[in-house]
> 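Here you go, one structure.
Just follow the structure's listing: the first ligand is 1, and inside any ligand the first atom is 1.
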Amino acid sequence: MEYEEARKQVIEACLGMQKKGLIRGTSGNVSVRIRKYEDAEPDPRWAEEDLLAMSPTSIPYEYLTPEMIPIVDMQGRTVHEGTDTAADEKGREPFSCRPSSELPLHLAVMRARADAGAVVHTHSKFATIMGILGQKVPVNTIPMVYYVKRPVPVVPFEIPGSEELGAAVTRALNGSSLDEKFTAAPRKAVILEHHGLVTLGKDIDDALTVAEYVEEAAEIAYYVSLADSADYGRHGLLSLTGSVSGSIPDAKVKKMLEIADSGRAL
Ligand code: 13P
């Protein structure tokens, strides 16, 4: 992929997250992988030579132009700086276009998962609620079966932008859990406690689709748990333990995964 195309995809994804209500202000960030060997199967052995187009830190998304998107290598070094070429023309101070503060998180995920063509971090509301409750998002809707395939676990809180956050996310992305015996599909989403959601996809559309449907599933799971709760108050909700009710039964999920694998729409 050309730099220009990857940079445009980053901007469109940021604006898309905003439009879909998955972020507010300058929250969230996006990276798009530029593969060195585009025709080869994704493999960690050559992924180290890839580059990332990374959303810049703290710039309101409506100001972004392709030139403002920095390109970094897999060690996090900027190989093409982002520059605010429109500042003069618009008569304002130029933005400094440094890579997102969550670069360590994006690098960690891109390193751990050579299949990831894009990584998206949102601050979406219901995913955050589920994270604070410590409740994984179940496979409770058809799009969850089709696009996500597994429950979405919660990663315990780590400081935003830290190496520790990146390490905790990659551990969870590559981990499995006893209640997921029906699928070995690679995990595509994790919730960050108090801090939203991280998704990956084969490309940017895939990563964004996962983010949108996990948020929908989280909202549904939240309302189901409220309705299920004998006590609608704070205590009743917090006293819920184990998985949130409302999962599609494992055997049915398995069946639907087979249907999806055969190419039929669900
Ligand atoms: P950046 O503007 O540095 O990407 O930070 C936003 C954010 O959401 C941090 O988690």
> Looking only at protein heavy atoms, which one is nearest to atom 7 (C) of ligand 1, and how far off is it?
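The answer is Asn29 ND2, 3.5 Å.
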
> With heavy-atom distances below 4.0 Å as the criterion, list the atoms of ligand 1 near His195.
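So the atoms of ligand 1 that pass are 10 (O).
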
> So does Glu48 get a backbone contact from the side chain of Arg111, meaning a donor-acceptor N/O pair under 3.5 Å?
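It does not hold such a pair.
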
> For ligand 1, which atoms sit closer than 4.0 Å to a heavy atom of Glu102?
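Taking each heavy atom of Glu102 in turn, ligand 1 has 9 (C), 10 (O) under 4.0 Å.
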
> Taking transitive links into account, so neighbours of neighbours count too, which hydrophobic residues share a cluster with Phe157 at under 4.5 Å side-chain distance?
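Grouped by the 4.5 Å side-chain rule, Ile159 form the rest of the cluster around Phe157.
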
> Flag yes if more than 12 heavy atoms outside Asp43 fall under 6.0 Å of its CG atom; otherwise flag no.
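Enclosed: over 12 neighbouring heavy atoms sit under 6.0 Å from CG of Asp43.
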
> Going by the atom numbers of ligand 1, which of them fall below 4.0 Å from some non-hydrogen atom of Gly28?
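Per the distance check, 4 (O), 6 (C), 7 (C), 8 (O).
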
> Taking only heavy atoms of His123, which atoms of ligand 1 are found under 4.0 Å from at least one of them?
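Every atom of ligand 1 under 4.0 Å from some heavy atom of His123: 7 (C), 8 (O), 10 (O).
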
> When you look at His106 and His121, which way does the side chain to side chain donor-acceptor pair (under 3.5 Å) test go after all the steps?
CA-CA 9 Å; His106 288 256; His121 167 44; over 6 Å; no

> If you look at every heavy atom in Leu52 and Arg33, which pair is closest and at what distance?
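Shortest heavy-atom contact: CD2-CA, 3.9 Å.
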
> Taking Met54's backbone N and O only, do any of them form a donor-acceptor pair with Arg7's side chain (distance below 3.5 Å, no angle check)?
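Checking the backbone N and O of Met54 against the side chain of Arg7, no donor-acceptor pair under 3.5 Å is found.
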
> Could an N or O of ligand 1 be found under 3.5 Å from any N or O of Pro56, whether backbone or side chain?
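Not met; the criterion fails.
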
> Check which hydrophobic residues are tied to Trp46 through side-chain heavy-atom contacts below 4.5 Å, counting indirect links as well, and list them.
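Answer for Trp46: Tyr37.
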
> Any nitrogen or oxygen of Ser27, side chain or backbone, less than 3.5 Å from one on ligand 1?
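Not met; the criterion fails.
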
> Considering only the protein, which heavy-atom contact is closest to atom 5 (O) of ligand 1, and what is its distance?
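The closest one turns out to be Ser101 OG, 3.3 Å.
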
> Side chain to side chain donor-acceptor pair (under 3.5 Å) between Glu81 and Thr83: does it pass, once the steps are laid out?
CA-CA 6 Å; Glu81 286 191 8; Thr83 45; over 6 Å; no

> Please state which protein non-hydrogen atom is closest to atom 4 (O) of ligand 1 and give its distance, to 0.1 Å?
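For atom 4 (O) of ligand 1, the nearest protein heavy atom is Ser100 OG, 2.7 Å.
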
> With atoms numbered from 1 as shown, which atoms in ligand 1 lie under 4.0 angstrom from a non-hydrogen atom of Thr26?
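Near Thr26, meaning under 4.0 Å from one of its heavy atoms, ligand 1 has 2 (O), 6 (C).
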
> Which protein non-hydrogen atom lies closest to atom 2 (O) of ligand 1, naming both residue and atom, and how far is it?
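Of the protein heavy atoms, Ser58 N, 2.9 Å lies nearest.
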
> Which bit of Thr57 gets closer than 4.0 Å to ligand 1, counting heavy atoms only: side chain, backbone, both or neither?
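For Thr57, the contact with ligand 1 is made by both the backbone and the side chain.
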
